[in-house]
Structure formats: C-alpha cells, structure tokens
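Since the model is a prediction, treat every value here as computed from it, not as a measurement.
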Amino acid sequence: MAGRYMVSADQGADLFEMHFRRLKWLEQASDQILALPCDYPDGHRVPDHEHSRAQLLHAIHGVVLIKTRFGRWIVPPDHAMWIPAGIIHSVEMLGDVSMRSVYVVPESIEGLPARLHVVAVSDLMRSLIVEAVKLPVKAVPSERALLVLNLILHEIPRLPERPLGLPFPSDARIASLCRRFLAEPSPHTTIDDWAAWLGMSRRSFTRTFQRETGLSLSTWRQQALLFAALPRLADGEPVTSVALDLGYDSVPAFTTMFRRMLGASPRSYLRRSGEGERPPRQTEGGLLSTSPLP
C-alpha cells in the first residue's frame with residue numbers, strides 16, 4: 001500500500017537477531033510467567049517459530065496478522081492472541097506495532113486455553129500487562145511482582161473470545177477458493193457459487209465446509225472481510241472507500257456487518273482502540289526502539 005513504512009535489510013536483520021536471542025532466553029528462563037515488550041515497524045515479519053511456553057500476544061497499538069497451518073488470525077488494538085505452546089506461527093505487522101507478550105509455562109494454572117484464538121483484553125488485563133513488563137528481573141521477585149503476575153494467570157481464562165480467526169480447510173480445492181476469496185473479497189459470494197465451482201451439491205458443500213473449518217461459509221466470509229477491512233481502516237483509510245472497495249452496496253451495510261462481528265461501528269471501534277499507549281518514536285535510522293533483554 002502506498003506510503004507505508006518499509007523495513008530495510010539491515011533493520012530487519014537487527015530485529016531478527018533480537019527476536020531469536022529473546023527466544024533463546026525464554027527457553028532458558030525458569031519463571032512460570034514472563035512479560036516482555038517489543039515494538040516493530042510497519043511491514044516487518046517474524047518468520048515461523050515456536051516456543052515451549054504459551055504466549056498471550058497483546059497488540060497495544062497497531063494490527064498484527066498471525067499465520068499457522070491451522071489458519072490466520074488478526075489481532076487489532078485492545079485484543080490479544082492466545083498461542084498454545086509448541087504451535088509454529090509467524091507474525092506480520094500491519095502498521096507500526098507496539099506489542100506486549102506474556103509467556104506462560106503450560107499447566108501453570110488450571111483453565112488455560114488449549115487452542116488458538118483471539119480474545120478481547122479487559123481494562124484490568126491491559127493494566128496488568130503494562131505493569132508486568134516494567135517489573136525488574138530479580139532472582140527473588142518482590143511480593144508486588146508476584147501478585148501482578150499471578151493475577152494475570154488467573155485473568156487469562158476469563159478473557160472473552162472474539163471472532164477474528166480465519167481457519168483454513170484441509171481440503172485443497174476448498175482451500176484454493178478460500179485463498180482466491182482473500183485475494184478478492186466480496187460480500188456477494190454465495191454457497192451455491194462455491195458448490196457449483198467444486199461440482200458439489202449445496203448440502204454436501206455446506207457439511208464439508210462446516211466440518212473442515214468449524215464455521216458456516218457465511219460466518220467465514222464475514223470474518224475474511226474483517227481481515228481485509230481492519231488493516232486498511234487502521235491505516236487511516238475512510239470507511240466509505242473501504243466498504244465500497246470490498247463490494248458493499250452502502251456504508252450502512254458494511255457498518256451492520258462490522259457491528260455484528262465486533263460490537264461497535266468502525267469509527268467508534270477504531271477510536272476506542274486508538275486510545276492509550278502509543279509506540280515509541282522512530283530513531284534516526286527509522287528502526288523502532290526495542291527494550292533490551294533482561
């Protein structure tokens with residue numbers, strides 16, 4: 001997209017090195033829960049990786065796209081992605097991103113989620129995460145530090161799930177149609193269209209798609225349209241142009257879909273999401289500052 005900040009080769013190399021040093025440090029740490037900050041420039045991509053801890057990836061500012069073999073998930077501000085331990089995933093930054101991650105040893109507490117999903121971050125959890133990344137690293141944590149970290153553990157299972165995941169079917173033919181839709185999203189795609197393209201009956205296609213993705217085509221399509229809309233809206237594009245480009249006949253029709261999926265109109269949602277902590281200013285070389293490892 002024109003005007004978006006690009007990462008130079010040297011800057012990308014610096015971030016990659018920082019990322020993998022951090023992964024190594026995480027694997028060696030003995031703490032049950034750790035909270036770390038990191039800020040990335042627009043367009044940066046963290047390649048496929050995994051860790052032995054579960055991760056609560058919180059986008060304080062900016063939009064994050066997470067890809068796994070199970071599907072894609074978009075994480076806008078005021079949301080977080082729960083990534084169970086051992087899941088190979090990549091992370092792409094859509095806009096400058098201010099990220100705060102909590103890493104948890106599996107089974108640290110009962111009730112931790114067992115699957116990938118996006119959650120809404122409560123005001124309490126947001127404040128706890130912001131405080132947690134400020135805690136000094138000590139061999140023996142202070143009583144306050146233990147209270148903050150333990151409360152984060154207890155709050156994780158309480159965070160409400162949001163429909164910002166996009167599971168992909170394992171059936172190669174259906175997956176091909178899904179990728180085609182992501183390349184050219186439209187609200188007018190129908191079950192009959194997809195069934196006809198695959199030479200399947202409507203009933204057979206509906207059952208297969210539900211079994212493969214866990215969603216109806218209608219719900220999957222709406223979530224895919226959100227995937228297409230959120231990064232553009234976060235980048236400052238007018239709601240009208242985004243709605244019309246995605247094939248909606250009117251802005252109210254797009255707003256109705258957006259409100260049904262996320263509980264607010266595009267303008268009020270983005271206004272609410274934009275409040276709070278912002279990413280640091282760019283340094284002279286354009287690389288966003290990152291906190292050093294403990």
Short N-O contact, [X] and [Y], less than 4.0 angstrom:
{"X": "E27", "Y": "K24", "value": "no"}
{"X": "E237", "Y": "R232", "value": "yes"}
{"X": "E155", "Y": "R126", "value": "no"}

Close side-chain approach of [X] to [Y], heavy-atom, < 4.5 Å:
{"X": "V102", "Y": "L34", "value": "no"}
{"X": "F205", "Y": "L217", "value": "yes"}
{"X": "H188", "Y": "D193", "value": "no"}
{"X": "I191", "Y": "T206", "value": "yes"}
{"X": "I109", "Y": "H154", "value": "yes"}
{"X": "D39", "Y": "R100", "value": "yes"}

Plane angle bin for W194 and W197 - parallel if under 30°, tilted between 30 and 60°, otherwise perpendicular: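 Judged by the thresholds at 30° and 60°, the geometry between W197 and W194 is tilted.
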
Neighbour count >12 (heavy atoms, 6.0 Å) for atom CG, D192: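 More than 12 heavy atoms, drawn from other residues, nucleotides or ligands, come within 6.0 Å of this atom.
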
Atom CZ of R144: over 12 foreign heavy atoms under 6.0 Å: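 Incorrect, the count does not exceed 12.
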
Side-chain (H58) to main-chain (H79) donor-acceptor, under 3.5 angstrom: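 Yes, because the side chain of H58 sits within donor-acceptor range (under 3.5 Å) of the backbone of H79.
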
Any donor-acceptor N/O pair, H61 side chain to A59 backbone, under 3.5 Å: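 Looks like no, no N/O pair under 3.5 Å.
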
Interatomic distance, D48 atom CG to H89 atom NE2 [nearest 0.5 angstrom]: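 It comes to 9.0 Å.
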
Distance-only side-chain donor-acceptor flag, T189 / S186, under 3.5 Å: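 Their side chains do not contain a donor-acceptor pair, so the 3.5 Å distance test is not met.
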
